[in-house]
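Read the structure below first, then the notes.
Each residue takes its place number in the sequence, starting with 1.
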Amino acid sequence: MSLRRKLLTGSLWSVFGVVVNQLVSFAVVAVLAHSIAPTEFGIVAACLLCVELSRGIMLAGLPEYLVRQRSWNQRLASTAFWLNVGIAIAFGILLALAAAVVSEAGHGQFGAVLLSLCMIFLLDALSAAPEALLRHELRFQALAFRQIASNLVGGAAAVAAVWSGAGLWAIVIQRYTAAAAQAAISGADKSEAAR
């Protein structure tokens, strides 16, 4: 397949993945918004915003660096993977410390949600290098299906959790379940590629 055709096909798969993920996210948020109090929803949204803004810094541009390499270097990818894991652990510790400070300041629920999210960085780091490989090889179909699958699993877990009375924790469950699914798929892809 020519590079032009790969890029065109990859772009179409990327658009498909984004559209499906947006529709799934909208449906899940609609269900959660009817079951979670607005103040609780706002607390989790603010905590997740802190995490998502920190995620770009935590990844330190390493996945993008891997994607831009002329040819895939497994040793470089392994180094990037372990660097991301180390940085993720450091960010998790920083988030846990921030949660303690916030809780001491009298915002117990906000601090509890922040504390509960401190391991999310590690799960995100586990899938960063394998996703970079897919982007490097222009395998956007696999990337789109991976993102859709993890989003569906996370959404289903959140809806089940909110229906069972988890309240604001349903959103935390959604984020963890989606990140764990992403990491599990990355691990399966990695072991498949090793064979």
Requested in this report: Go through the steps for His136 and Arg68 under the test side chain to side chain contact (heavy atoms under 4.5 Å, CB included), then give the verdict.
Outcome: CA-CA 7 Å; His136 181 270; Arg68 291 187 185 124; over 6 Å; no
Query raised in the report: Are Tyr176 and Ile148 joined in one hydrophobic group, where the rule is that I, L, V, M, F, W and Y side chains link up if heavy atoms are under 4.5 Å apart?
Result: yes
Query - Test item: Asn84 side-chain N/O and Ala125 main-chain N/O as donor-acceptor pair under 3.5 Å - result: no
Query - Check against side chain to side chain contact (heavy atoms under 4.5 Å, CB included), Ser11 and Phe140 - result: CA-CA 8 Å; Ser11 296; Phe140 294 108; over 6 Å; no
Query raised in the report: Which pair of non-hydrogen atoms, one from Ser103 and one from Ala112, has the smallest distance, and what is that distance?
Result: OG-N, 4.1 Å
Query - same_hphob_cluster(Leu123, Leu49) at 4.5 Å side-chain heavy-atom cutoff - result: no
Query raised in the report: CZ of Arg55 to CG of Leu48: how many Å apart, nearest 0.5 Å?
Result: 12.5 Å
Requested in this report: For the residue pair Thr9 and Gln141, establish whether any side-chain heavy-atom pair is separated by less than 4.5 Å.
Outcome: no
Query raised in the report: Can any side-chain N or O of Ser54 pair as donor or acceptor with the backbone N or O of Cys50 at less than 3.5 Å?
Result: yes
Requested in this report: Locate the shortest heavy-atom distance separating Ser116 from Trp169; write the atom from each residue and the value.
Outcome: OG-CZ3, 3.4 Å
Query raised in the report: Where do Ala96 and Cys118 come nearest, in terms of heavy atoms and distance?
Result: N-CB, 4.2 Å
Query raised in the report: Atom CG of Leu152 and atom CD of Gln147: how far apart are they, to the nearest 0.5 Å?
Result: 12.0 Å
Query - 4.5 Å side-chain heavy-atom contact, Gln69 and Asn73 - result: no
Report task. For the pair Ser164 (side chain) and Ala161 (backbone), establish whether a donor and an acceptor sit closer than 3.5 Å, ignoring hydrogens and angles. Result -> yes
Query raised in the report: Does the side chain of Phe81 reach to within under 4.5 Å of the side chain of Leu126, using non-hydrogen atoms?
Result: yes
Report task. Could you grab the distance from atom OG of Ser35 to atom CH2 of Trp163, nearest 0.5 Å is fine? Result -> 8.5 Å
Query raised in the report: What about Phe91 and Leu95, same hydrophobic cluster or not, with Ile/Leu/Val/Met/Phe/Trp/Tyr joined at side-chain heavy-atom distances under 4.5 Å?
Result: yes
Query - Shortest non-hydrogen separation from Leu66 to Ala77 and the atoms involved - result: CD2-CA, 3.7 Å
Query raised in the report: Can you name the closest pair of heavy atoms from Gly167 and Ile36 and give their distance?
Result: O-CD1, 3.4 Å
Query raised in the report: According to the interplanar angle, ranging from 0 to 90°, do the rings of Phe145 and Phe16 count as parallel (below 30°), tilted (30 to 60°) or perpendicular (above 60°)?
Result: perpendicular
Report task. Give the C-alpha distance, both sets of side-chain angles, the deciding distance and a yes or no for side chain to side chain contact (heavy atoms under 4.5 Å, CB included) between Glu40 and Val44. Result -> CA-CA 6 Å; Glu40 291 183 331; Val44 178; 5.8 Å; no
Query raised in the report: Do we see a donor-acceptor contact under 3.5 Å between the side chains of Arg146 and Ser186?
Result: yes
Query raised in the report: Linking I/L/V/M/F/W/Y whenever any side-chain heavy atoms sit under 4.5 Å apart, do Val24 and Val15 land together?
Result: no
Query raised in the report: Going from CG on Leu115 to CG on Leu97, what distance comes out if it is rounded to the nearest 0.5 angstrom?
Result: 10.0 Å
Query - Ion pair Arg139/Glu131, N-O distance below 4.0 Å - result: no
Query raised in the report: Side chains of Trp72 and Leu133: does their closest heavy-atom pair fall under 4.5 Å?
Result: yes
Query raised in the report: What distance separates Gln109 CD from Leu114 CG, expressed to the nearest 0.5 Å?
Result: 11.5 Å
Query raised in the report: CE/Met58 to CG/Leu53 distance, rounded to the nearest 0.5 angstrom?
Result: 12.5 Å
Query raised in the report: At their closest point, which heavy atom of Gly111 faces which heavy atom of Val102, and how far apart are they?
Result: N-CG1, 3.8 Å
Query - Same apolar cluster: Phe121 and Trp82, side chain cutoff 4.5 Å - result: yes
Report task. Determine, step by step, whether Asn151 and Gln22 satisfy the side chain to side chain contact (heavy atoms under 4.5 Å, CB included) criterion, reporting the C-alpha distance in whole Å, the side-chain angles of both residues, the deciding distance to 0.1 Å, and the verdict. Result -> CA-CA 9 Å; Asn151 200 8; Gln22 292 300 322; over 6 Å; no
